[in-house]
Amino acid sequence: MQRQLAASLLTAFALALAACSAAPAPKDTRAPTVPAGVTATAGSAHTVHVMWSAATDDRAVTGYAVYRDGRKVKDLPATTLMTDVVGLAPATRHRFAVRARDAAGNVSPPSAGVTATTLPAAEDRTPPTAPTALRVTADGSRAATLRWSPARDDTRVTAYDVYQADTRVHTVPGTATTARLAGLRPGTAYAFTVRARDAAENSSPDSAPADLTTAPSPGAPPNTAPRDLTATAAKGEITLTWSPPETGAPVTRHELHLDGRFATTIIWGTAPPPGRATYTFPVQDPPGTRYVVTLRAQLPDGTWGDFSAPRTVVVR
């Protein structure tokens with residue numbers, strides 16, 4: 001009898017334990033914080049560029065909704081903190097706000113509303129000149145400030161777009177010649193370019209690139225990226241030149257990546273060339289095709305180092 005009683009008690013205890021472990025997680029009812037720092041800038045007669053700072057949540061923000069005049073016009077993932085609202089009428093004033101959401105469907109209150117007026121319609125087919133004298137300075141290990149000399153246009157420059165690896169990451173009004181970028185990664189090589197834009201949405205060519213390697217996190221090793229990469233297109237080929245990283249030993253292998261994907265390994269069978277390295281590879285894509293090129297070196301311990309600052313090159 002005692003043995004049966006003990007077994008019954010153990011069974012009851014196990015069932016109670018299982019019931020406790022199977023209890024559902026507490027329901028998420030807390031909404032994210034309100035997105036701050038919302039700005040709206042007219043980029044043309046038909047577009048307004050909206051930006052904001054990231055919201056926070058007790059679990060995770062999963063997306064943002066952008067509102068124009070009280071109506072939702074964009075649903076965006078949590079990684080996106082800027083967007084263009086397009087298809088607007090010229091010389092029209094609009095009010096914009098942003099709300100954050102989480103995985104449980106909780107939505108923050110709307111941000112403070114900001115207004116922007118689209119530019120008057122313009123018949124203009126001439127793009128601005130490229131901005132010049134672009135330079136970048138680090139602001140700690142996660143931010144940077146860009147400065148440039150203004151572009152020229154036959155009407156006027158209405159916006160400057162900042163690009164990183166051929167992707168637009170920031171926009172400022174045409175009266176500005178500086179931009180501050182946040183959310184960078186420590187110990188990472190970046191290359192930035194700037195394009196000018198006018199009211200008719202004509203964009204200038206890219207400025208010359210400005211490189212920046214952010215400071216590493218405390219205790220992290222120094223950056224091991226190849227330096228001063230250039231990419232030059234000729235008919236049917238692209239030529240790269242760069243300075244290998246200083247590793248304390250000859251660097252005999254580099255990986256070439258195109259548009260973020262591995263393309264080939266560059267190997268010197270004997271001693272690598274002194275000073276700057278050069279590599280030419282064929283391309284069969286039609287003229288006008290754009291590539292984003294990066295390199296990384298194999299280190300003496302056999303691991304692969306950091307990626308170089310990217311370069312954009314156009315097939316000729």
Side-chain angles (χ1 to χ4, degrees), residues 30-57 60-122 124 128 131 143-146 151 153 155-164 167-184 192 194-204:
R30 182 178 299 178
T33 61
V34 177
V38 180
T39 62
T41 304
S44 73
H46 303 286
T47 65
V48 169
H49 186 72
V50 183
M51 293 192 299
W52 58 93
S53 299
T56 59
D57 187 64
V61 173
T62 59
Y64 296 96
V66 178
Y67 291 77
R68 185 196 74 220
D69 301 326
R71 176 179 297 178
K72 184 166 68 173
V73 292
K74 288 280 184 86
D75 268 318
L76 300 165
T79 53
T80 300
L81 301 176
M82 56 181 279
T83 190
D84 282 327
V85 179
V86 302
L88 306 177
T92 305
R93 179 172 174 165
H94 297 280
R95 189 173 186 86
F96 299 90
V98 181
R99 302 176 77 177
R101 67 178 181 275
D102 63 18
N106 300 307
V107 179
S108 75
S111 68
V114 293
T115 60
T117 301
T118 53
L119 302 172
D124 179 7
T145 298
L146 278 69
D153 189 62
T155 55
R156 70 185 177 98
V157 173
T158 58
Y160 288 100
D161 298 318
V162 178
Y163 286 79
Q164 194 272 317
T167 299
R168 188 176 64 172
V169 296
H170 199 67
T171 295
V172 296
T175 53
T177 54
T178 65
R180 187 176 186 277
L181 305 179
L184 304 182
F192 301 102
V194 177
R195 299 177 196 170
R197 189 157 36 101
D198 64 21
E201 295 284 10
N202 300 306
S203 288
S204 75

Where is the tightest heavy-atom contact between Ala60 and Asp102, given as atom of each residue plus distance? O-CB, 3.3 Å
Can you tell if the side chain of His49 reaches within under 4.5 Å of the side chain of Met82, non-hydrogen atoms only? yes
Correct closest heavy-atom pair for Ala40 and Val48 would be CB-CG1, 3.9 Å
State the OH-OG distance between Tyr67 and Ser111, to the nearest 0.5 angstrom. 10.5 Å
Hey, are the side chains of Ser108 and Pro35 touching, using non-hydrogen atoms and a 4.5 Å cut-off? yes
Roughly how far, to the nearest 0.5 Å, is the CG atom of Leu81 from the OG1 atom of Thr79? 8.0 Å
Which heavy atom of Ala151 sits nearest a heavy atom of Ala196, and at what distance? CB-CB, 3.6 Å
Please round to the nearest 0.5 Å and tell me the distance separating atom CZ of Arg99 and atom CG of Asn106. 11.0 Å
Looking only at the side chains, is there a donor atom on one of Asp124 and Thr155 sitting less than 3.5 Å from an acceptor on the other? yes
If we only count heavy atoms from C-beta on, is the Val172 to His170 side-chain gap below 4.5 Å? yes
Taking the side chain as every heavy atom from C-beta outward, state whether Thr178 and Leu146 have any atom pair closer than 4.5 Å. no
Per the side-chain contact (heavy atoms from CB on, under 4.5 Å) rule, which among Val73, Val38, Thr80 passes with Val66? Val73
Here the pair of heavy atoms bringing Ser204 nearest to Pro128 is CB-O, 3.2 Å
Test item: Thr171 and Tyr160 side chains (from C-beta on) under 4.5 Å apart, heavy atoms: no
Minimum heavy-atom distance between Pro90 and Thr118, given as atom pair plus value: C-OG1, 3.3 Å
By salt bridge (charged side-chain N to carboxylate O under 4.0 Å, His left out), Arg101 pairs with (sequence neighbours left out) Asp75
Using 0.5 Å steps for rounding, measure from the OG1 atom of Thr158 to the CG atom of Asp153. 8.0 Å
Is there side-chain contact between Val85 and Val50, with heavy atoms separated by less than 4.5 Å? yes
Between the side chains of Tyr163 and Arg195, is a donor N or O closer than 3.5 angstrom to an acceptor N or O? yes
Please give me the minimum heavy-atom distance between Val61 and Ala78, naming the atom from each residue. O-CB, 3.2 Å
Test of understanding: with ring-ring contact (aromatic ring centres under 6.0 Å, His included), list the residues that count as partners of Tyr64, not counting sequence neighbours. Trp52
Pair Arg95-Val114, side-chain contact (heavy atoms from CB on, under 4.5 Å): steps then yes or no: CA-CA 5 Å; Arg95 189 173 186 86; Val114 293; over 6 Å; no
How would you list all residue pairs meeting salt bridge (Lys or Arg N to Asp or Glu O under 4.0 Å) that involve residues 78-89, not counting sequence neighbours? Asp84-Arg168
Taking the side chain as every heavy atom from C-beta outward, state whether Asp161 and Val194 have any atom pair closer than 4.5 Å. no
State, yes or no, whether a side-chain contact exists between Leu88 and His94 at a heavy-atom distance under 4.5 Å. yes
